[in-house]
Amino acid sequence: MTDASTLPGQPRGGVLSGPATRRAVNVLAPNPSAMTLDGTNTWILSEPDSDLAVVVDPGPLDDGHLRQVIGTAEQAGKRVALTLLTHGHPDHAEGAARFAELTGTNVRALDPALRLGGEGLAAGDVITVGGLELRVVPAPGHTADSLCFHIPADQAVLTGDTVLGRGTTVVAHPDGRLGDYLDTLRRLRSLTVDDGVHTVLPGHGPVLEDAQGAVEYYLAHRAHRLAQVETAVEDGHRTPSEVVAHVYADVDRSLWPAAELSVRAQLEYLQEHGII
């Protein structure tokens with residue numbers, strides 16, 4: 001059995017749902033799969049002494065889950081005052097309109113198509129609700145509209161699908177771009193070095209206690225995969241499916257379609273940089 005402390009990012013053991021930091025509580029959505037891991041993490045964020053809360057990523061359109069999120073907040077004496085989205089993938093955002101209906105809240109997102117109430121989100125925005133401060137961190141790469149949310153008071157960052165609690169994420173080509181994703185990872189590394197962030201609150205999987213270690217692992221993993229793809233092309237594997245079969249031979253075949261998206265992003269990156 002592997003000690004969790006030896007895994008990238010030092011994933012926290014135990015039940016995923018429940019309090020994660022002083023200001024963050026997770027309600028796990030009932031949508032586990034190979035791509036969503038244990039399910040989508042829906043985050044309730046608030047100051048301990050406030051009666052207002054922010055919910056990030058309501059998750060899939062599952063009325064039971066959405067009502068559980070509201071009930072969890074109410075049991076803590078809090079009213080949901082705002083809904084935020086890290087990005088528009090259905091496992092994070094499909095339930096947002098229904099959640100907004102149930103709570104009477106606006107939905108803020110980078111993508112205008114996902115917003116309800118008019119106001120969006122942009123890099124550098126600072127959101128304050130009931131004394132809680134959230135800083136919007138641009139995080140394109142997994143998707144073009146991906147965002148992270150920095151919680152300074154908890155020295156934590158909520159990462160959506162940009163950094164997962166277990167494994168690595170997909171660069172969802174063509175919307176996602178590898179160059180953007182590498183820039184995002186470096187931006188997150190700066191948060192760990194310059195702003196003292198040590199906790200990752202991911203969109204899937206367990207909380208990570210070593211944010212810098214997780215980001216460094218992701219950067220190293222991407223460099224390794226990129227080198228493997230370059231070598232595969234040099235060895236005559238030209239199409240994305242051929243590269244996947246060669247580079248991801250040790251990965252469950254059910255994940256190959258997702259892996260092909262990342263391979264397409266890597267091939268595009270290598271071509272743009274004149275490497276292949």
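As a member of the Ile/Leu/Val/Met/Phe/Trp/Tyr network built from side-chain separations under 4.5 Å, Phe149 groups with Trp43, Leu45, Leu52, Val54, Val56, Leu82, Leu84, Leu110, Leu121, Ile127, Val129, Leu132, Leu134, Val136, Leu147, Ile151, Leu158, Leu201, Val207.
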For this session: Go through the steps for Asp125 and Arg108 under the test side-chain contact (heavy atoms from CB on, under 4.5 Å), then give the verdict.
Result: CA-CA 11 Å; Asp125 282 354; Arg108 297 182 64 180; 3.8 Å; yes
For this session: Please step through side-chain hydrogen bond (donor to acceptor under 3.5 Å, both in side chains) for the pair Thr159 and Thr162, ending with a clear verdict.
Result: CA-CA 5 Å; Thr159 55; Thr162 297; over 6 Å; no
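Criterion: ILVMFWY side-chain heavy atoms under 4.5 Å apart, direct or through other members. Under it, Leu164 and Leu255 are part of a common hydrophobic cluster. Residue Leu61 is not grouped with residue Val107 when hydrophobic side chains (ILVMFWY) are merged at heavy-atom distances under 4.5 angstrom, including chains of intermediate members. No continuous path of ILVMFWY side-chain contacts below 4.5 Å connects Val25 to Leu85, so the two sit in separate hydrophobic clusters. Clustering ILVMFWY residues whenever any of their side-chain heavy atoms sit less than 4.5 angstrom apart, transitively, puts Leu16 in a cluster other than the one holding Ile44.
In terms of modelled atom types and a separation under 3.5 Å, the side chain of Asp195 and the main chain of Val197 share no donor-acceptor contact. Checking side-chain atoms of Trp256 against main-chain N and O of Ala245 turns up no donor-acceptor pair under 3.5 Å. With Gln266 contributing its side chain and Ser262 its backbone, the two residues share a donor-acceptor pair below 3.5 Å. In this structure, the side chain of Gln68 does not engage the main chain of Gly64 through any donor-acceptor pair within 3.5 Å. For Lys78 (side chain) and Ser50 (main-chain N/O), a donor-acceptor pair under 3.5 Å exists by modelled atom type. A donor-acceptor contact shorter than 3.5 Å links the side chain of Asn26 to the backbone of Thr42. Formation of a donor-acceptor pair under 3.5 Å by the Ser17 side chain with backbone atoms of Leu28 is found in this model. Remark: side-chain polar atoms of Asn31 are paired, donor with acceptor, to backbone N or O of Thr40 under 3.5 angstrom. Between the Asp154 side chain and the Arg23 main chain, a donor and an acceptor come within less than 3.5 Å of each other. A donor-acceptor pair under 3.5 Å links the side-chain atoms of Thr239 to the main chain of Glu242, judged by distance alone.
Scanning all heavy atoms of the two residues, the minimum distance from Pro60 to Ala29 falls at CD-CB, 3.8 Å. In this structure, Asn106 and Gly117 approach most closely via the heavy-atom pair OD1-CA, 3.6 Å. Residue Val243 comes nearest to Ala232 through the heavy atom pair CG1-CB, 4.3 Å, listed as atom of the first residue, atom of the second, then distance. Val200 approaches Pro202 most closely through the heavy-atom pair O-CD, 3.2 Å.
Side-chain contact between Pro58 and Val69 is absent, with no heavy-atom pair separated by less than 4.5 Å. By the 4.5 Å heavy-atom criterion applied to side chains, Pro140 and Thr184 are counted as neighbours. Two residues are said to be in side-chain contact when any heavy atoms from C-beta on lie closer than 4.5 Å; Leu267 and Pro240 meet this criterion. The shortest side-chain heavy-atom distance between Arg222 and Val171 falls under the 4.5 Å cut-off. Residues Arg253 and Tyr248 form no side-chain contact, since every pair of their non-hydrogen atoms from C-beta on lies 4.5 Å or further apart. Within the 4.5 Å cutoff, the side chain of Pro174 has no heavy atoms near those of the Arg264 side chain. At a threshold of 4.5 Å between non-hydrogen side-chain atoms, the residues Thr143 and Ser146 count as touching.
Listed by chain and residue number, His173, Arg177, Glu272 satisfy the side chain to side chain contact (heavy atoms under 4.5 Å, CB included) test with Glu268 (two or more places apart in sequence, or in another chain). Taking Glu94 as the reference, nothing meets the salt bridge (charged side-chain N to carboxylate O under 4.0 Å, His left out) condition, with sequence neighbours excluded. Contacts of Thr128 classified as side-chain hydrogen bond (donor to acceptor under 3.5 Å, both in side chains), with partners at least two apart in sequence or in another chain: none. In this structure His246 satisfies the ring pair (Phe, Tyr, Trp, His ring centres under 6.0 Å) test together with His237, sequence neighbours excluded. Qualifying ring pair (Phe, Tyr, Trp, His ring centres under 6.0 Å) partners for Tyr269, counting only residues two or more places apart in sequence or in other chains: His273. Arg98 meets the side-chain hydrogen bond (donor to acceptor under 3.5 Å, both in side chains) test with Asp63, Glu101; sequence neighbours excluded. Residues satisfying the side chain to side chain contact (heavy atoms under 4.5 Å, CB included) test with Val193, not counting sequence neighbours, are Arg189, Gln212. In this structure Pro112 satisfies the side chain to side chain contact (heavy atoms under 4.5 Å, CB included) test together with Arg115, sequence neighbours excluded. Residues satisfying the ring pair (Phe, Tyr, Trp, His ring centres under 6.0 Å) criterion with His150, sequence neighbours excluded, are absent altogether.
A distance of 10.0 Å separates NE2 of His142 from CG of Leu261, quoted to the nearest 0.5 Å. Taken to the nearest 0.5 Å, the OG atom of Ser190 stands 11.0 Å off from the CG atom of Leu185. In this structure, CG in Leu114 is found 10.0 Å from NE2 in His87, a value given to the nearest 0.5 Å. From Asp235, atom CG reaches atom CD of Gln228 across 11.5 Å, with rounding to the nearest 0.5 Å. In this structure, Asp183 CG and Tyr181 OH are separated by 12.5 Å, a value rounded to the nearest 0.5 Å. Taken to the nearest 0.5 Å, the CD1 atom of Ile70 stands 10.0 Å off from the OG1 atom of Thr72.
Sorted by first then second residue, the ring pair (Phe, Tyr, Trp, His ring centres under 6.0 Å) pairs that include residues 188-224, not counting sequence neighbours, are His92-His204. Screening residues 50-62 for salt bridge (charged side-chain N to carboxylate O under 4.0 Å, His left out) gives no qualifying pairs among residues at least two apart or on separate chains.
Thr105 and Thr83 are linked by a side-chain donor-acceptor pair at a separation below 3.5 angstrom, with hydrogens and angles left out of the test.
The pair Arg166-Asp38 meets the salt-bridge criterion, since a charged nitrogen lies less than 4.0 angstrom from a carboxylate oxygen.
Residue Arg22 qualifies as open at atom CZ: its count of foreign heavy atoms under 6.0 Å is 12 or below.
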